[in-house]
Every structure is written in structure tokens, then in C-alpha cells.
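What you see below is based on every heavy atom in this structure, not just the backbone, and it leaves out hydrogens, waters and symmetry mates.
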Amino acid sequence: MKTATLGPAQRAEALARMAERELDILVVGGGVVGAGTALDAVTRGLSTGLVEARDWASGTSSRSSKLIHGGLRYLEMLDFALVREALKERGLLLERLAPHLVKPVPFLYPLQHKGWERWYAGSGVALYDGMSISSGHGRGLPVHRHLSHKRALRVAPCLKKDALVGALQYYDAQMDDARYVATMVRTAAAYGAQVANRARVVGFLREGERVVGARVEDVEAGGTYEVRARQIVNATGVWTDDTQALIGERGQFHVRASKGIHLVVPKDRIHSTTGLILRTEKSVLFVIPWGRHWIIGTTDTDWDLDKTHPAASSADIDYLLEHVNSVLATPLTRDDVEGVYAGLRPLLAGESDATSKLSREHTVAHPVPGLVVVAGGKYTTYRVMAKDAVDEAVHGLDQRVAECVTEDVPLVGAEGYKALWNARARMAARTGLHVARIEHLLNRYGSLADELLELVVADPSLGEPLTGADDYLRAEAVYACTHEGARHLDDVLTRRTRISIETFDRGTRSAREVAELMAPALGWDAAQIEKEVAHYEKRVEAERESQRQPDDLTADAARLGAPDIVPL
């Protein structure tokens with residue numbers, strides 16, 4: 001299989017090809033579900049297109065807790081089917097589909113009551129492990145263990161001594177959510193899907209009551225394409241209702257947005273060898289290891305303001321700090337916070353007003369002929385959602401179509417990853433890079449790291465770290481444009497890398513250097529470089545201002561003070 005390259009030329013070619021002849025499936029929405037749906041459809045032999053109005057994973061799919069997990073708390077809600085399904089998917093991702101991107105992560109659950117709580121929580125975690133192993137894909141993770149008060153403090157010295165009487169430790173998994181989606185889009189393209197970001201659906205084509213295609217606006221170069229397809233899949237997450245409105249149909253269900261915010265703090269602020277999971281009055285709070293950082297989250301509040309740029313308010317930040325500080329011996333302050341990000345969960349609206357009680361399950365519907373809608377669900381179960389969406393679309397194709405095969409289709413970079421990992425010391429010697437750099441590349445690109453190293457061999461200056469963001473190499477900024485579909489500075493600093501949340505300056509120190517590295521690949525002149533840098537700086541300032549506001553309304557207004565980037 002040839003690895004697909006998502007550069008500017010390939011994007012333009014994909015749009016032209018989508019407009020040339022009728023597709024079997026057109027997927028609208030480039031988040032994890034849309035990308036998964038495109039991969040599912042194309043690997044069944046269907047001609048497939050995928051369009052995204054902004055950047056790959058620019059909505060919910062880049063702003064999650066970065067966890068691939070079964071949802072331990074859903075066991076308490078007796079939602080065994082959802083947990084079993086998610087645990088099977090977790091195992092598949094770890095073992096077969098994306099071992100280069102999905103990694104085990106330990107969590108400590110502090111016990112606060114002697115006797116009954118250890119039995120109660122221990123039974124739940126034992127069931128969690130048992131369901132994982134019984135799925136046939138759970139043997140790659142260690143099983144849980146019980147810790148005494150003394151052992152727990154040895155594992156997590158950051159905890160107050162009186163915050164626990166003992167603890168349980170168990171394992172889940174994590175990934176870089178935006179990188180995962182970009183890799184999946186490349187995988188779909190490698191199998192023949194036509195994919196284009198910054199391509200917005202502005203209307204649907206109708207013949208009678210049937211939807212037969214979409215009008216797609218090229219947000220970058222201008223112009224509108226008519227893309228005809230036998231079936232269209234609406235996989236637009238929190239924008240589901242907006243997309244449905246384009247055909248004048250409200251749809252058979254309603255999607256509500258729930259805001260979750262996360263804080264990022266440096267690794268040295270919390271002295272622990274394990275992540276933490278804490279119970280709150282509404283849900284749970286995670287403290288998640290993230291390279292040289294910790295991610296702390298999340299909140300769960302209703303949101304009905306701007307969906308493109310959900311804003312974190314001062315109250316949101318205080319809520320997380322207050323709850324995590326309730327167990328930390330050395331409290332965190334605002335000054336410890338490097339990054340803040342807010343995302344919206346697409347929840348299927350139910351009877352309850354509390355978003356934490358709305359369904360995390362997904363639904364697929366066929367509201368009008370030619371249009372399938374998929375919504376809800378969890379990141380971890382995206383592959384199941386995609387399968388269900390394509391199964392539904394196939395009903396309208398009137399032909400025999402192969403069954404879903406994505407359970408056996410690894411993402412690009414997975415094949416050969418383990419062999420290269422074993423050879424990482426040799427790779428370091430060959431390239432002159434430190435072995436830690438090679439490990440970093442392998443865990444972000446898998447076997448595709450060789451493509452990065454070719455750039456470094458051709459231009460050794462690309463093997464240097466970025467100014468103000470030492471974790472990333474200059475080559476990664478170039479590669480993001482030539483191979484991964486990045487179109488703007490924001491795409492690289494926020495999603496292809498995580499510089500925007502992993503540095504106290506939020507990426508402003510790196511911005512100009514990154515823009516200058518991107519310019520040759522994207523054909524930017526000096527004026528466009530200035531425009532990109534100025535836009536990014538305004539975006540950072542608007543986010544900082546929103547995080548000083550007391551509530552959602554004022555935070556939203558402040559965040560909208562920075563307009564979206566104007567393309568070339």
C-alpha cells in the first residue's frame with residue numbers, strides 16, 4: 001500500500017476528482033467519526049469522498065481528554081454494553097490498529113473510606129479488567145492492584161496524607177487525539193478516498209425528496225464544487241443540527257453540546273509516577289500524564305454559544321483547580337497553568353437537563369433518502385460508529401457491498417513500528433539525533449518517522465528543535481504541510497503539534513519560525529507570513545482574555561474578538 005501525501009496539490013486534485021464523477025459515499029465532517037467513516041467505506045471497495053469545513057479534528061476531536069478508555073464510571077451506571085464495546089475497541093487500538101499512537105497509562109484511585117469502599121471500588125475495577133480480557137483484546141495491559149496508604153503515597157507523593165486511606169491502581173490508554181485523526185485521514189486516502197479539508201458544505205443537491213450530492217465551497221482558493229454521491233453521511237458532531245438544517249430537516253434526534261475544559265501544567269508541578277482519577281460531586285476528574293506535562297480535566301456543562309471556538313471561563317479554571325487541590329499536598333495556582341483548552345461533546349438530547357446524564361451512546365438515522373446521520377458516542381468507539389453509519393448507507397446503495405474490515409486495517413505508521421522501535425538506537429546513530437528524539441518521532445508517526453528523517457538528511461537544520469518548543473523538531477512543521485494537510489499556522493501549533501497548550505507563551509515564541517518553515521511548502525509570501533503570525537497572536541490574546549472572564553457569556557464574547565484566519 002502506498003502512503004498518501006496530503007499536500008496542497010493533493011488537496012486540489014481531490015476536490016477536482018470528487019466533482020468529476022458520482023461517488024458512492026460522501027462523508028461530511030473531518031473529526032474522528034467522519035474520518036473513521038471514510039476509512040470504513042473505502043476499505044469496503046466504495047468510491048469515497050471526505051470534506052471538512054476547517055481543519056482535520058479542529059472541533060471536538062482535538063479537544064478531548066486524550067483517553068482511549070472503557071469508561072469505568074459507566075459501570076456504576078450499569079451500562080455494561082457500552083463499557084464492553086469500548087474495552088474491546090481499546091484493546092484493538094493498543095494491539096493491532098494503532099500501537100504507535102495509543103499507549104497504556106496508569107491511574108490511581110484514592111480511597112477515602114476504610115472497608116466498604118475498597119470492596120465496592122475494587123469489585124468495579126476487577127469487573128473492568130475481566131471484561132477487557134474477555135473481549136479477547138485486553139491482555140496487553142497490566143491488571144489492577146490494591147495499594148496500602150503507604151504504598152499509594154510512594155507511587156503518588158503529591159497527595160495529601162489525609163486525602164486517602166489507601167488506593168487502587170488500574171490501567172487505561174491514551175493518544176494524541178488530533179494526530180490520531182490526521183493519521184486516519186491519511187490511511188483513508190492511501191486506500192483511495194478523496195479527502196479535502198477547508199472544504200465547506202454550503203448546501204445539498206436534491207432530486208425530489210432525495211439528496212443526491214452537496215455543494216462544497218473551497219474555503220482556501222474560492223469557488224464551489226458540486227459533488228454528487230449516491231449516499232451522504234453527516235458526521236458533523238455538535239454541528240449535526242446545523243448541517244441537517246441545510247436540507248430543511250430537523251432530523252429524528254437533537255444533538256446538544258456539553259463543554260469540557262482541560263488545564264495543562266508542567267510535569268514537575270505534580271510529583272507522581274501515575275495518573276489520578278478523582279470523584280467529584282458531578283462526575284470524575286482526571287490528572288493525566290502527558291509527556292513533560294499533566295492534563296487536568298474535565299468539566300461537563302451545557303453550552304449553547306459559539307461552537308467553533310468554545311471558551312473556558314475563569315470559573316471553569318477555578319473549578320478544576322479547586323477540585324484537584326483538594327487532594328494535592330502542594331496546591332496548584334493560576335501561575336502553574338501552561339495551557340487551557342475547551343471542547344464540546346456531542347450528546348444525544350434526552351429527558352435530563354444535566355449534560356452529565358445525557359447519553360454517550362450513538363445513533364444512526366436515515367432522515368431522508370440519500371442522507372445518513374451519525375451522532376453521539378465516545379472517541380474510543382468511533383470505529384463502531386463508523387461501521388454502523390456505513391452499514392446504514394449501504395442499504396441505500398442497492399448493490400452487494402463487502403462487510404466492514406476496519407478491525408483488521410492498521411493505520412499508516414503501525415506496520416513496522418515495533419521493529420523500528422527495537423532499532424531506535426541504530427536509527428539515532430545513523431541520523432545523529434539523540435535516541436529520545438527518535439522515540440518521540442516513532443510515538444507520533446510510527447514507521448512514517450522515516451519520512452521525517454529523510455527531510456533531516458536532506459536539510460540537517462530541520463533536525464534542530466523549534467525555538468521555544470524544544471520537544472518538536474523543525475522538520476515536523478514542514479512535514480505537517482507537505483504530508484498531513486496543514487494549511488495554516490494554527491493547524492501546526494494547535495493540532496499537528498501541541499505547542500499551543502504545552503508552553504507558557506501558548507506558542508507565540510515559536511510562531512514566526514514555524515510560519516517561515518511552512519511558507520515554501522504552501523507558497524506563502526512575506527505578507528502571508530505576517531498575516532498568519534498576527535492572526536495567531538490575536539487568537540492567543542483572545543483566549544487569554546476569555547479565561548479572565550467570570551462566566552460563559554463574557555468568555556464567549558472575548559474569544560470571538562479574534563476572527564478566523566483569512567486564506568490566501
Salt bridge Arg498-Asp177, side-chain N to carboxylate O under 4.0 Å
yes

Step through it carefully: locate the ring centre of His440, locate the ring centre of Tyr472, and say whether they are under 6.0 Å apart.
yes

Arg200/Asp218 salt bridge by N-O under 4.0 Å criterion:
no

Under 4.0 Å between a side-chain nitrogen and a carboxylate oxygen: does that hold for Glu476 and Arg444?
yes

I'd like to know if Glu407 pairs up with Lys88 as an ion pair, taking the criterion as any Lys NZ or Arg NE/NH1/NH2 lying under 4.0 Å from an Asp or Glu carboxylate oxygen.
yes

Are Arg559 and Glu543 ion-paired here, with the side-chain N under 4.0 Å from a carboxylate O?
yes

Without hydrogens or angle criteria, can the side chains of His366 and Gln231 be said to hold a donor-acceptor pair below 3.5 Å?
yes

Could you check whether Arg215 pairs with Glu226 (Lys NZ or Arg NE/NH1/NH2 to Asp/Glu carboxylate O, under 4.0 Å)?
no

Lys/Arg-Asp/Glu bridge criterion (N-O < 4.0 Å) met for Lys387, Asp40:
no

Assess whether a salt bridge exists between Arg383 and Glu89, defined as any Lys/Arg side-chain N lying under 4.0 Å from an Asp/Glu carboxylate O.
yes

Can you see whether Tyr445 has Arg179 sitting over its ring - NZ or CZ less than 6.0 Å from the centre and within 45° of the normal?
yes

With the threshold set at 4.0 Å, does a side-chain nitrogen-carboxylate oxygen contact exist between Arg495 and Glu484?
no

Sidechain N-carboxylate O distance under 4.0 Å for Asp490, Arg54
no

Flag the pair Asp241 and Arg256 as a salt bridge only when some basic side-chain nitrogen lies within less than 4.0 angstrom of an acidic carboxylate oxygen.
no

Side-chain ion pair, Arg198 and Glu52, N-O less than 4.0 Å
no

Check this for me, if you would: do Lys307 and Asp242 make a salt bridge, where the nitrogen-to-carboxylate-oxygen distance has to be below 4.0 angstrom?
yes

Step through it carefully: locate the ring centre of Phe286, locate the ring centre of Phe107, and say whether they are under 6.0 Å apart.
yes

Tyr341 ring centre to Lys66 NZ or CZ under 6.0 Å, with the angle to the axis within 45°?
yes

